[in-house]
Chemist: 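Starting off with a structure, shown below.
Throughout, residue positions are numbered sequentially from 1 according to the sequence presented. This is a predicted model, so every value here is computed, not measured.
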Amino acid sequence: MERFAPAKLNLTLDVLGKRPDGYHDLKMVMQSITLGDTLTLEPGGEGVRVQTDLHFLPTGPKNLAAAAALRFYETLGRPVPGLEISIRKRIPVCAGMAGGSTDAAAVLRALNEKEGNPFSMEELARVGEGVGSDVPYCVLGGTALAEGRGEMLTPLPPLPRCWVAVCKPDFPVSTPELFARIDGMRVRCRPDTAGLLAALAAGDLPGVARRMYNVFEKVLPERQEVRVAEIKHTLIQCGALGATMSGTGPTAFGLFQRKELAEEACALLSEQNRDTFLAETV
Ligand code: C5P
């Protein structure tokens, strides 16, 4: 079985507070895009094995794709059959685009289909909860509001189709580290999530784009914050309707109505950032 696993972007990300379980309560508007990984699932071997074209990624249960397969059969109450998962990675790793979570979600959807759809999509999203906080959203995809740890999902009217210039500067970001940093800070600026939801409901793309914001932009170490701000500045200079950072970063992106402008932004950004992509919303 071959499956496409789209990357996600955060149109907004707000951290509401720390929870007793150590996680944080979040409020975020998520969007899938056409940049994504390709997975192939084949029966065979013993247990679940993952291979990818990035040598440093884990091949065993530490890989979220394998963890998802194990969790799927555990929830189903059936022994795990031999399974080989190959992943062609295109989504940058440690980038804030849910690359690992979307691979896990693609595995859950594929196995559910293979086993005759024993779980509804909502149940499948719940199976994914234990694999990672972004997995439930990735199971459903599209435009959605995610709350709680990320598992409370409300589907939203789709973002009007547009072009996206996506750019990851060449340093990785550790999600747990950024969450730890935000605990010691006062968040001064938050996204206008309600305003963005109203703009989405009205199909108002410029209204959505200019309300995009992510609280983690001000949590990155200063040198990294400056790099992300420079990318956002270039995107806006090139005609983006709005630009923000995704997840805990460091990927930044801009939304464009016109393809030529998005292409121009990508050409400029790719001079200094290898991981620059032109995509569309899904
Ligand atoms: O759930 P997941 O393993 O993807 O989360 C990675 C890390 O991100 C957690 O260990 C935690 O530090 C942080 N996190 C959080 N609150 C959330 C989601 C993630 O603190 N809602």
Side-chain angles (χ1 to χ4, degrees), residues 5-15 24 26-37 89-103 105 132-138 141-147 150 153 156 159 162-179 181-182 189-191 193 196 200 208-220 224-225 227-236 240-256 262 265-266 269 273-282:
K8 70 95 200 193
L9 294 174
N10 283 90
L11 305 182
T12 65
L13 200 172
D14 200 358
V15 178
H24 293 74
L26 309 175
K27 190 168 202 170
M28 36 191 195
V29 178
M30 319 275 250
Q31 175 64 47
S32 333
I33 57 169
T34 51
L35 168 68
D37 297 338
K89 291 294 299 177
R90 290 188 200 82
I91 308 171
V93 176
C94 291
M97 287 194 275
S101 302
T102 192
D103 294 343
S133 302
D134 278 343
V135 179
Y137 161 73
C138 290
T143 311
L145 176 69
E147 295 173 280
L153 296 167
L156 296 172
L159 180 68
C162 61
W163 294 93
V164 194
V166 180
C167 177
K168 179 194 165 283
D170 63 359
F171 54 88
V173 157
S174 152
T175 297
E177 242 173 77
L178 271 253
F179 273 104
R181 280 175 77 93
I182 205 169
C189 186
R190 294 182 183 279
T193 310
L196 187 137
L200 262 179
V208 171
R210 69 167 174 269
R211 287 180 177 86
M212 298 193 303
Y213 184 67
N214 178 342
V215 293
F216 282 110
E217 287 178 39
K218 296 278 177 234
V219 180
L220 289 173
Q224 301 185 351
E225 184 187 326
R227 290 281 303 279
V228 172
E230 281 168 1
I231 293 170
K232 283 176 53 177
H233 182 74
T234 303
L235 288 162
I236 297 291
L241 300 170
T244 193
M245 190 175 84
S246 186
T248 48
T251 301
F253 66 95
L255 301 186
F256 294 79
C266 286
L269 289 167
N273 306 279
R274 198 169 44 101
D275 288 332
T276 300
F277 309 90
L278 177 68
E280 276 183 275
T281 52
V282 181

Chemist: Do Asn214 side-chain atoms and Met245 backbone N/O form a donor-acceptor pair below 3.5 Å?
Modeler: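 Checking the backbone N and O of Met245 against the side chain of Asn214, a donor-acceptor pair under 3.5 Å is found.
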Chemist: Side chains of Thr281 and Gln31 only: does a donor on one sit below 3.5 Å from an acceptor on the other?
Modeler: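 Per modelled atom types, Thr281 and Gln31 side chains form no pair under 3.5 Å.
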Chemist: Tell me which one of Arg211, Met212, Met28, Met30 satisfies side chain to side chain contact (heavy atoms under 4.5 Å, CB included) with Leu11.
Modeler: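 Single pass found, and it is Met212.
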Chemist: Check step by step if side chain to side chain contact (heavy atoms under 4.5 Å, CB included) holds for Leu278 and Val164.
Modeler: CA-CA 6 Å; Leu278 177 68; Val164 194; over 6 Å; no
Chemist: Locate the shortest heavy-atom distance separating Pro6 from Ile33; write the atom from each residue and the value.
Modeler: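 In this case the closest contact between Pro6 and Ile33 is CB-O, 3.2 Å.
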Chemist: Could you tell me whether a side-chain N or O of Thr102 sits under 3.5 Å from a main-chain N or O of Ala7, the two making a donor and an acceptor?
Modeler: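 No, Thr102 side chain to Ala7 backbone: no donor-acceptor pair under 3.5 Å.
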Chemist: Which heavy atom in Lys168 sits nearest to a heavy atom in Pro250, and how many Å separate them?
Modeler: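 For Lys168 and Pro250, the tightest heavy-atom pair comes out as CG-CG, 4.1 Å.
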Chemist: Show your reasoning for whether side chain to side chain contact (heavy atoms under 4.5 Å, CB included) applies to Lys27 and Leu145.
Modeler: CA-CA 7 Å; Lys27 190 168 202 170; Leu145 176 69; 4.2 Å; yes
Chemist: Identify whether the distance between the nearest side-chain nitrogen and carboxylate oxygen of Asp37 and Arg90 falls below 4.0 Å.
Modeler: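 Judged by the 4.0 Å cut-off on N to carboxylate O distance, Asp37 and Arg90 do not form a salt bridge.
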Chemist: For Cys167, does its backbone N or O pair with a side-chain atom of Thr251 as donor and acceptor, under 3.5 Å?
Modeler: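 Absent.
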Chemist: Between Leu178 and Val173, does a side chain to side chain contact (heavy atoms under 4.5 Å, CB included) hold up when you go through it step by step?
Modeler: CA-CA 8 Å; Leu178 271 253; Val173 157; 3.8 Å; yes
Chemist: Taking all non-hydrogen atoms of both residues into account, name the closest pair between Ser133 and Pro136 and its distance.
Modeler: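 Closest heavy-atom pair between Ser133 and Pro136: O-CD, 3.5 Å.
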Chemist: Could you measure the distance from the CG atom of Leu269 to the CG atom of Leu235? Nearest 0.5 Å is fine.
Modeler: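 Atom-to-atom, Leu269:CG and Leu235:CG are 5.0 Å apart.
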Chemist: Holding to salt bridge (charged side-chain N to carboxylate O under 4.0 Å, His left out), I want the full list of residues that pass it with Arg227, two or more places apart in sequence or in another chain.
Modeler: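 By the salt bridge (charged side-chain N to carboxylate O under 4.0 Å, His left out) rule, Arg227 matches Asp170.
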Chemist: Hey, could you give me the NZ/CD1 distance between Lys8 and Ile91, rounded to the nearest 0.5 Å?
Modeler: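 The distance works out to 10.5 Å.
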Chemist: Show the nearest heavy-atom pair for residues Pro92 and Ala95, with the distance to one decimal.
Modeler: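 Heavy atoms only, the tightest pair is O-CB, 3.5 Å.
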Chemist: Taking atom CD1 of Ile236 and atom CD1 of Ile231, what is their separation to the nearest 0.5 Å?
Modeler: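 One gets 13.0 Å once the value is rounded to the nearest 0.5 Å.
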Chemist: Could you give the distance from NZ (Lys218) to SG (Cys189), rounded to the nearest 0.5 Å?
Modeler: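 Reported value, rounded in 0.5 Å steps: 7.5 Å.
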Chemist: Looking only at non-hydrogen atoms, find the nearest pair between Thr34 and Val282 and report the distance.
Modeler: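 The answer is N-CG2, 3.6 Å.
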Chemist: Kindly indicate, with the supporting measurements, whether the criterion side chain to side chain contact (heavy atoms under 4.5 Å, CB included) is fulfilled by Phe253 and Ser246.
Modeler: CA-CA 7 Å; Phe253 66 95; Ser246 186; 4.2 Å; yes
Chemist: Side chains of Tyr137 and Ser32: donor-acceptor distance under 3.5 Å anywhere?
Modeler: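 Yes, Ser32 and Tyr137 have a side-chain donor paired with an acceptor closer than 3.5 Å.
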Chemist: Might you confirm whether atom CD of Glu177 has over 12 heavy atoms from other residues, nucleotides or ligands at distances under 6.0 Å?
Modeler: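 No, the 6.0 Å shell around CD holds no more than 12 heavy atoms from other groups.
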Chemist: What distance do Cys266 atom SG and Phe277 atom CZ have between them, rounded to the nearest 0.5 Å?
Modeler: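 Rounded to the nearest 0.5 Å, the SG-CZ separation comes out at 9.5 Å.
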Chemist: For Asn10 and Gly247, work out which heavy atoms get closest and say how close.
Modeler: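 Heavy atoms of Asn10 and Gly247 come nearest at OD1-N, 2.9 Å.
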Chemist: With a 4.5 Å heavy-atom cut-off, do Leu9 and Met97 have their side chains touching?
Modeler: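 Counting from C-beta outward, Leu9 and Met97 do come under 4.5 Å.
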Chemist: Enter the distance from Glu147:CD to Leu26:CG here, rounded to the nearest 0.5 Å.
Modeler: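 That separation rounds to 10.0 Å.
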Chemist: Taking the side chain from Thr12 and the backbone from Tyr213, do they hold a donor-acceptor pair closer than 3.5 Å?
Modeler: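 Looks like no, no N/O pair under 3.5 Å.
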